[in-house]
Amino acid sequence: MSEVTVIGLGPMGAVIAGILLEKGFAVTVWNRTAAKAEPLVQRGAVLAASAADAVKASPVVIVCVADYDSSYRILGEPESVSALNGRVFVQLSTGSPGQARDNAAWAQAHGADYLDGAIAATPPQMGRADTTIFTSGSETAYRRSEPMLKALAGHVPYLGENVSHASSTDLAFLSYLFGSMIGFFHAARILESDGLRVDQFGAMIAGISPAIGEMVRHEGEVIQSSTYDQPQSTLNTCLSTARLFMKQAQEAGINAEFPSFALGLFQKGADAGYGDEELAALVKVLR
Ligand SMILES: NC(=O)c1ccc[n+]([C@@H]2O[C@H](COP(=O)([O-])OP(=O)(O)OC[C@H]3O[C@@H](n4cnc5c(N)ncnc54)[C@H](OP(=O)(O)O)[C@@H]3O)[C@@H](O)[C@H]2O)c1
(Lines give C-alpha, C1' and ligand atoms only; values in the text may rest on other atoms or scores of the structure.)
Protein backbone atom coordinates (compact mmCIF):
# COMPACT_ATOMS: atom_id res chain seq x y z
CA MET A 1 0.00 0.00 0.00
CA SER A 2 1.34 3.45 -0.88
CA GLU A 3 0.36 6.77 0.73
CA VAL A 4 -0.87 8.57 -2.37
CA THR A 5 -1.86 7.72 -5.93
CA VAL A 6 -1.42 10.13 -8.83
CA ILE A 7 -3.58 9.48 -11.91
CA GLY A 8 -2.56 11.49 -14.97
CA LEU A 9 1.07 12.09 -15.94
CA GLY A 10 0.90 14.99 -18.40
CA PRO A 11 3.22 17.97 -17.80
CA MET A 12 1.42 18.82 -14.52
CA GLY A 13 0.65 15.31 -13.18
CA ALA A 14 4.22 14.11 -13.77
CA VAL A 15 5.59 17.06 -11.79
CA ILE A 16 3.09 16.40 -8.98
CA ALA A 17 4.14 12.74 -8.72
CA GLY A 18 7.83 13.73 -8.88
CA ILE A 19 7.53 16.26 -6.05
CA LEU A 20 5.65 13.79 -3.84
CA LEU A 21 8.40 11.22 -4.39
CA GLU A 22 11.09 13.81 -3.70
CA LYS A 23 9.38 14.76 -0.44
CA GLY A 24 9.38 11.16 0.75
CA PHE A 25 5.84 9.94 0.03
CA ALA A 26 5.23 6.39 -1.16
CA VAL A 27 3.58 7.04 -4.55
CA THR A 28 1.61 4.87 -6.97
CA VAL A 29 1.01 6.25 -10.47
CA TRP A 30 -1.17 5.46 -13.46
CA ASN A 31 -1.49 7.08 -16.87
CA ARG A 32 -3.40 6.16 -20.04
CA THR A 33 -0.07 6.21 -21.88
CA ALA A 34 1.96 4.01 -19.53
CA ALA A 35 5.36 4.97 -21.03
CA LYS A 36 5.14 8.40 -19.37
CA ALA A 37 5.46 6.68 -15.97
CA GLU A 38 8.93 5.28 -16.71
CA PRO A 39 11.04 8.22 -15.34
CA LEU A 40 8.91 8.20 -12.16
CA VAL A 41 9.26 4.43 -11.71
CA GLN A 42 13.03 4.91 -11.93
CA ARG A 43 12.70 7.39 -9.06
CA GLY A 44 10.74 4.95 -6.88
CA ALA A 45 7.08 5.23 -7.93
CA VAL A 46 4.99 2.08 -8.36
CA LEU A 47 3.19 1.86 -11.71
CA ALA A 48 -0.27 0.31 -11.23
CA ALA A 49 -1.40 -2.19 -13.85
CA SER A 50 -4.83 -0.52 -14.18
CA ALA A 51 -6.67 2.59 -13.01
CA ALA A 52 -8.62 0.41 -10.56
CA ASP A 53 -5.37 -0.94 -9.06
CA ALA A 54 -4.10 2.63 -8.80
CA VAL A 55 -7.19 3.67 -6.82
CA LYS A 56 -6.90 0.62 -4.55
CA ALA A 57 -3.21 1.32 -3.86
CA SER A 58 -3.60 4.41 -1.61
CA PRO A 59 -5.98 6.10 0.83
CA VAL A 60 -5.58 9.40 -1.07
CA VAL A 61 -6.11 9.51 -4.85
CA ILE A 62 -5.06 12.62 -6.77
CA VAL A 63 -6.38 12.97 -10.32
CA CYS A 64 -4.76 15.47 -12.71
CA VAL A 65 -5.87 14.86 -16.29
CA ALA A 66 -6.93 17.11 -19.17
CA ASP A 67 -10.54 17.58 -18.01
CA TYR A 68 -13.35 16.08 -15.94
CA ASP A 69 -14.61 13.96 -18.86
CA SER A 70 -11.23 12.20 -18.99
CA SER A 71 -11.43 11.71 -15.23
CA TYR A 72 -14.89 10.10 -15.52
CA ARG A 73 -13.60 7.90 -18.35
CA ILE A 74 -10.74 6.67 -16.15
CA LEU A 75 -12.61 6.30 -12.85
CA GLY A 76 -15.98 5.31 -14.35
CA GLU A 77 -14.97 1.68 -14.99
CA PRO A 78 -16.95 -0.52 -12.53
CA GLU A 79 -13.83 -1.80 -10.73
CA SER A 80 -12.43 1.73 -10.28
CA VAL A 81 -15.78 3.08 -9.07
CA SER A 82 -16.11 0.46 -6.35
CA ALA A 83 -12.48 1.01 -5.30
CA LEU A 84 -13.23 4.70 -4.61
CA ASN A 85 -15.40 3.77 -1.61
CA GLY A 86 -13.80 5.10 1.60
CA ARG A 87 -10.97 6.87 -0.22
CA VAL A 88 -10.10 10.54 -0.41
CA PHE A 89 -10.50 11.72 -4.01
CA VAL A 90 -8.68 14.97 -4.79
CA GLN A 91 -9.60 16.34 -8.22
CA LEU A 92 -6.81 18.60 -9.50
CA SER A 93 -7.94 18.67 -13.16
CA THR A 94 -9.27 22.10 -14.13
CA GLY A 95 -13.07 22.28 -14.39
CA SER A 96 -16.03 24.63 -14.16
CA PRO A 97 -17.89 25.28 -10.88
CA GLY A 98 -20.84 23.19 -12.16
CA GLN A 99 -18.50 20.33 -13.07
CA ALA A 100 -17.03 20.47 -9.55
CA ARG A 101 -20.53 20.17 -8.05
CA ASP A 102 -21.42 17.25 -10.36
CA ASN A 103 -18.11 15.50 -9.68
CA ALA A 104 -18.57 15.89 -5.91
CA ALA A 105 -22.08 14.41 -6.08
CA TRP A 106 -20.81 11.52 -8.25
CA ALA A 107 -17.88 10.84 -5.91
CA GLN A 108 -20.06 10.99 -2.81
CA ALA A 109 -22.58 8.61 -4.39
CA HIS A 110 -19.69 6.15 -4.70
CA GLY A 111 -18.52 6.60 -1.11
CA ALA A 112 -15.49 8.81 -1.79
CA ASP A 113 -14.53 11.78 0.39
CA TYR A 114 -14.21 14.51 -2.27
CA LEU A 115 -12.00 17.59 -2.43
CA ASP A 116 -11.88 19.87 -5.47
CA GLY A 117 -8.53 21.54 -6.02
CA ALA A 118 -7.44 24.11 -8.58
CA ILE A 119 -3.76 24.73 -9.29
CA ALA A 120 -2.87 28.37 -9.89
CA ALA A 121 0.66 27.69 -11.19
CA THR A 122 2.64 26.18 -14.06
CA PRO A 123 4.52 22.87 -13.60
CA PRO A 124 7.94 24.46 -12.84
CA GLN A 125 6.32 26.61 -10.13
CA MET A 126 5.02 23.58 -8.23
CA GLY A 127 6.48 22.63 -4.85
CA ARG A 128 7.35 26.17 -3.86
CA ALA A 129 6.35 28.27 -0.86
CA ASP A 130 4.61 30.89 -3.06
CA THR A 131 2.61 28.36 -5.12
CA THR A 132 -1.16 28.27 -4.70
CA ILE A 133 -3.71 25.44 -4.93
CA PHE A 134 -7.28 26.57 -4.14
CA THR A 135 -9.38 23.86 -2.48
CA SER A 136 -13.01 23.40 -1.48
CA GLY A 137 -15.36 20.54 -0.60
CA SER A 138 -15.20 18.03 2.23
CA GLU A 139 -13.21 19.30 5.20
CA THR A 140 -12.16 15.79 6.22
CA ALA A 141 -10.84 15.21 2.68
CA TYR A 142 -8.89 18.45 3.00
CA ARG A 143 -7.38 17.41 6.36
CA ARG A 144 -6.49 13.93 5.10
CA SER A 145 -4.81 15.21 1.92
CA GLU A 146 -3.26 18.34 3.47
CA PRO A 147 0.27 16.85 3.91
CA MET A 148 0.43 15.98 0.18
CA LEU A 149 -1.13 19.26 -0.96
CA LYS A 150 1.23 21.29 1.24
CA ALA A 151 4.15 19.39 -0.30
CA LEU A 152 2.91 20.54 -3.72
CA ALA A 153 2.23 24.17 -2.84
CA GLY A 154 3.06 26.40 0.13
CA HIS A 155 -0.27 28.17 -0.14
CA VAL A 156 -3.32 25.85 -0.06
CA PRO A 157 -6.32 27.92 0.99
CA TYR A 158 -9.36 25.84 1.99
CA LEU A 159 -12.36 27.86 0.79
CA GLY A 160 -14.99 25.86 2.66
CA GLU A 161 -17.53 23.10 2.12
CA ASN A 162 -19.10 24.74 -0.96
CA VAL A 163 -17.31 22.56 -3.51
CA SER A 164 -17.50 25.00 -6.45
CA HIS A 165 -15.61 27.80 -4.69
CA ALA A 166 -12.12 26.55 -5.64
CA SER A 167 -13.08 26.36 -9.32
CA SER A 168 -14.73 29.81 -9.31
CA THR A 169 -11.70 31.37 -7.61
CA ASP A 170 -9.36 29.61 -10.04
CA LEU A 171 -11.33 30.70 -13.12
CA ALA A 172 -11.32 34.26 -11.79
CA PHE A 173 -7.51 34.04 -11.46
CA LEU A 174 -7.16 32.52 -14.94
CA SER A 175 -9.39 35.17 -16.51
CA TYR A 176 -7.05 37.79 -15.05
CA LEU A 177 -4.00 35.82 -16.21
CA PHE A 178 -5.27 35.20 -19.77
CA GLY A 179 -6.14 38.87 -20.17
CA SER A 180 -2.50 39.63 -19.32
CA MET A 181 -1.13 36.86 -21.56
CA ILE A 182 -3.14 37.84 -24.64
CA GLY A 183 -2.02 41.43 -24.02
CA PHE A 184 1.57 40.16 -23.78
CA PHE A 185 1.37 38.39 -27.15
CA HIS A 186 0.19 41.63 -28.73
CA ALA A 187 3.08 43.33 -26.90
CA ALA A 188 5.39 40.80 -28.62
CA ARG A 189 4.11 42.06 -32.01
CA ILE A 190 4.68 45.69 -30.98
CA LEU A 191 8.27 44.84 -29.95
CA GLU A 192 8.94 42.73 -33.06
CA SER A 193 7.64 45.50 -35.33
CA ASP A 194 10.36 47.79 -33.98
CA GLY A 195 13.19 45.23 -33.76
CA LEU A 196 13.06 44.84 -29.95
CA ARG A 197 13.65 41.58 -28.03
CA VAL A 198 10.61 39.83 -26.57
CA ASP A 199 12.64 37.94 -23.94
CA GLN A 200 14.07 41.16 -22.51
CA PHE A 201 10.60 42.64 -22.17
CA GLY A 202 9.39 39.42 -20.49
CA ALA A 203 12.27 39.65 -18.00
CA MET A 204 11.35 43.28 -17.32
CA ILE A 205 7.76 42.28 -16.43
CA ALA A 206 9.10 39.47 -14.19
CA GLY A 207 11.00 42.13 -12.23
CA ILE A 208 7.86 44.21 -11.79
CA SER A 209 5.38 41.43 -10.92
CA PRO A 210 7.16 38.20 -9.88
CA ALA A 211 4.51 35.43 -10.02
CA ILE A 212 2.73 36.40 -13.25
CA GLY A 213 5.97 37.86 -14.58
CA GLU A 214 7.66 34.48 -14.31
CA MET A 215 5.14 33.02 -16.75
CA VAL A 216 5.52 36.04 -19.05
CA ARG A 217 9.32 35.76 -18.95
CA HIS A 218 9.06 32.10 -19.98
CA GLU A 219 6.68 32.90 -22.86
CA GLY A 220 9.05 35.70 -23.96
CA GLU A 221 12.01 33.29 -24.05
CA VAL A 222 9.96 30.77 -26.03
CA ILE A 223 9.02 33.40 -28.63
CA GLN A 224 12.57 34.75 -28.91
CA SER A 225 14.11 31.28 -29.36
CA SER A 226 11.18 29.75 -31.33
CA THR A 227 11.14 26.73 -28.98
CA TYR A 228 7.41 26.10 -28.94
CA ASP A 229 7.76 22.31 -28.87
CA GLN A 230 8.74 21.82 -25.18
CA PRO A 231 5.54 23.08 -23.58
CA GLN A 232 4.94 23.80 -19.91
CA SER A 233 1.37 24.89 -20.72
CA THR A 234 0.03 23.92 -24.12
CA LEU A 235 -2.28 26.03 -26.23
CA ASN A 236 -4.79 23.13 -26.05
CA THR A 237 -4.74 23.21 -22.23
CA CYS A 238 -5.48 26.94 -22.36
CA LEU A 239 -8.16 26.40 -25.03
CA SER A 240 -9.91 23.96 -22.65
CA THR A 241 -9.74 26.60 -19.94
CA ALA A 242 -11.23 29.24 -22.26
CA ARG A 243 -14.09 26.78 -22.93
CA LEU A 244 -14.57 26.64 -19.14
CA PHE A 245 -14.85 30.46 -19.05
CA MET A 246 -17.72 30.11 -21.58
CA LYS A 247 -19.28 27.26 -19.61
CA GLN A 248 -19.07 29.20 -16.34
CA ALA A 249 -20.57 32.30 -18.03
CA GLN A 250 -23.49 30.15 -19.24
CA GLU A 251 -23.88 28.45 -15.83
CA ALA A 252 -23.88 31.79 -14.00
CA GLY A 253 -25.67 33.86 -16.69
CA ILE A 254 -22.94 36.51 -16.90
CA ASN A 255 -21.58 38.50 -19.88
CA ALA A 256 -19.39 36.25 -22.10
CA GLU A 257 -17.62 38.76 -24.37
CA PHE A 258 -14.12 38.31 -22.90
CA PRO A 259 -14.36 34.48 -22.81
CA SER A 260 -15.71 34.50 -26.35
CA PHE A 261 -12.79 36.67 -27.56
CA ALA A 262 -10.17 34.49 -25.79
CA LEU A 263 -11.79 31.28 -27.04
CA GLY A 264 -11.87 32.55 -30.65
CA LEU A 265 -8.20 33.46 -30.56
CA PHE A 266 -7.04 30.20 -28.93
CA GLN A 267 -9.23 28.23 -31.38
CA LYS A 268 -7.43 29.92 -34.30
CA GLY A 269 -4.12 28.73 -32.82
CA ALA A 270 -5.40 25.17 -32.47
CA ASP A 271 -6.88 25.26 -36.01
CA ALA A 272 -3.47 26.37 -37.31
CA GLY A 273 -1.94 23.18 -35.79
CA TYR A 274 -0.29 24.72 -32.71
CA GLY A 275 -2.46 22.96 -30.09
CA ASP A 276 0.32 20.81 -28.62
CA GLU A 277 2.83 23.68 -28.56
CA GLU A 278 3.50 26.20 -25.80
CA LEU A 279 0.79 28.85 -25.37
CA ALA A 280 3.23 31.41 -26.80
CA ALA A 281 2.64 29.84 -30.24
CA LEU A 282 -0.35 32.18 -30.31
CA VAL A 283 2.08 34.87 -31.47
CA LYS A 284 2.37 32.95 -34.77
CA VAL A 285 -1.36 33.50 -35.30
CA LEU A 286 -0.89 37.22 -34.58
CA ARG A 287 1.98 37.32 -37.11
N1 LIG B 1 0.23 22.79 -17.42
C2 LIG B 1 -0.20 23.85 -16.72
O3 LIG B 1 0.38 24.95 -16.78
C4 LIG B 1 -1.38 23.72 -15.79
C5 LIG B 1 -1.58 24.69 -14.81
C6 LIG B 1 -2.67 24.58 -13.91
C7 LIG B 1 -3.57 23.53 -14.05
N8 LIG B 1 -3.36 22.61 -15.05
C9 LIG B 1 -4.37 21.56 -15.21
O10 LIG B 1 -3.80 20.29 -14.94
C11 LIG B 1 -4.50 19.30 -15.73
C12 LIG B 1 -3.45 18.47 -16.47
O13 LIG B 1 -2.73 19.35 -17.33
P14 LIG B 1 -1.36 18.97 -18.02
O15 LIG B 1 -0.61 20.24 -18.23
O16 LIG B 1 -0.71 17.84 -17.31
O17 LIG B 1 -1.73 18.45 -19.50
P18 LIG B 1 -3.10 18.06 -20.25
O19 LIG B 1 -2.71 17.90 -21.66
O20 LIG B 1 -4.18 19.04 -19.94
O21 LIG B 1 -3.49 16.63 -19.62
C22 LIG B 1 -2.69 15.52 -19.93
C23 LIG B 1 -3.16 14.33 -19.14
O24 LIG B 1 -4.55 14.02 -19.42
C25 LIG B 1 -4.61 12.65 -19.88
N26 LIG B 1 -5.74 12.49 -20.80
C27 LIG B 1 -6.13 13.33 -21.77
N28 LIG B 1 -7.23 12.84 -22.40
C29 LIG B 1 -7.52 11.65 -21.80
C30 LIG B 1 -8.52 10.66 -21.99
N31 LIG B 1 -9.47 10.80 -22.93
N32 LIG B 1 -8.52 9.58 -21.20
C33 LIG B 1 -7.56 9.42 -20.23
N34 LIG B 1 -6.59 10.33 -20.00
C35 LIG B 1 -6.57 11.42 -20.77
C36 LIG B 1 -3.27 12.44 -20.55
O37 LIG B 1 -3.03 11.07 -20.75
P38 LIG B 1 -2.00 10.63 -21.92
O39 LIG B 1 -0.62 10.94 -21.38
O40 LIG B 1 -2.27 9.19 -22.11
O41 LIG B 1 -2.33 11.46 -23.13
C42 LIG B 1 -2.36 13.09 -19.52
O43 LIG B 1 -2.24 12.29 -18.36
C44 LIG B 1 -5.45 20.07 -16.68
O45 LIG B 1 -6.76 20.05 -16.18
C46 LIG B 1 -4.88 21.48 -16.66
O47 LIG B 1 -5.87 22.48 -16.91
C48 LIG B 1 -2.28 22.66 -15.91
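Bear in mind that the values here come from a model prediction, so they are computed numbers and not experimental data. When a ligand or atom number is given, it counts from 1 through the structure's own listing order. No hydrogens, no waters, no symmetry mates; every other heavy atom, side chains included, goes into these values.
- The structure places CD of Gln91 at 4.5 Å from OH of Tyr114, a figure rounded to the nearest 0.5 Å.
- Looking at Thr5 and Trp30, their side chains never come closer than 4.5 Å, going by heavy atoms from C-beta outward.
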Write none if no such pair exists; otherwise list each N/O atom of ligand 1 with its protein N/O partner under 3.5 Å and the distance.
unit_1, atom_1, unit_2, atom_2, d
ligand 1, 1 (N), Gln232, O, 3.0
ligand 1, 3 (O), Ser233, OG, 2.7
ligand 1, 16 (O), Pro11, N, 3.2
ligand 1, 16 (O), Met12, N, 2.9
ligand 1, 20 (O), Thr237, OG1, 3.4
ligand 1, 21 (O), Ala66, N, 3.4
ligand 1, 24 (O), Ala66, N, 3.0
ligand 1, 28 (N), Ser70, OG, 3.4
ligand 1, 31 (N), Arg32, NH1, 3.3
ligand 1, 31 (N), Arg73, NH1, 2.7
ligand 1, 39 (O), Asn31, ND2, 2.9
ligand 1, 39 (O), Lys36, NZ, 2.6
ligand 1, 40 (O), Arg32, NE, 3.0
ligand 1, 40 (O), Thr33, N, 3.0
ligand 1, 40 (O), Thr33, OG1, 2.5
ligand 1, 41 (O), Arg32, NH2, 2.8
ligand 1, 43 (O), Leu9, N, 3.1
ligand 1, 43 (O), Gly10, N, 3.4
ligand 1, 43 (O), Asn31, OD1, 2.6
ligand 1, 45 (O), Val65, O, 3.0
ligand 1, 45 (O), Ala66, O, 3.1
ligand 1, 45 (O), Thr94, N, 2.8
ligand 1, 47 (O), Thr94, OG1, 2.7

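- Classified by interplanar angle (parallel below 30°, tilted 30° to 60°, perpendicular above 60°), the ring pair Phe258/Phe245 is tilted.
- Side-chain atoms of Ser96 and Glu251 form a donor-acceptor pair, as typed in the model, at a separation below 3.5 Å.
- Judged as a side chain to side chain donor-acceptor pair (under 3.5 Å), and not counting sequence neighbours, Arg43 has no contacts.
- Screening Gln200, Arg197, Glu219 for a side chain to side chain contact (heavy atoms under 4.5 Å, CB included) involving Gln224 leaves a single residue, Arg197.
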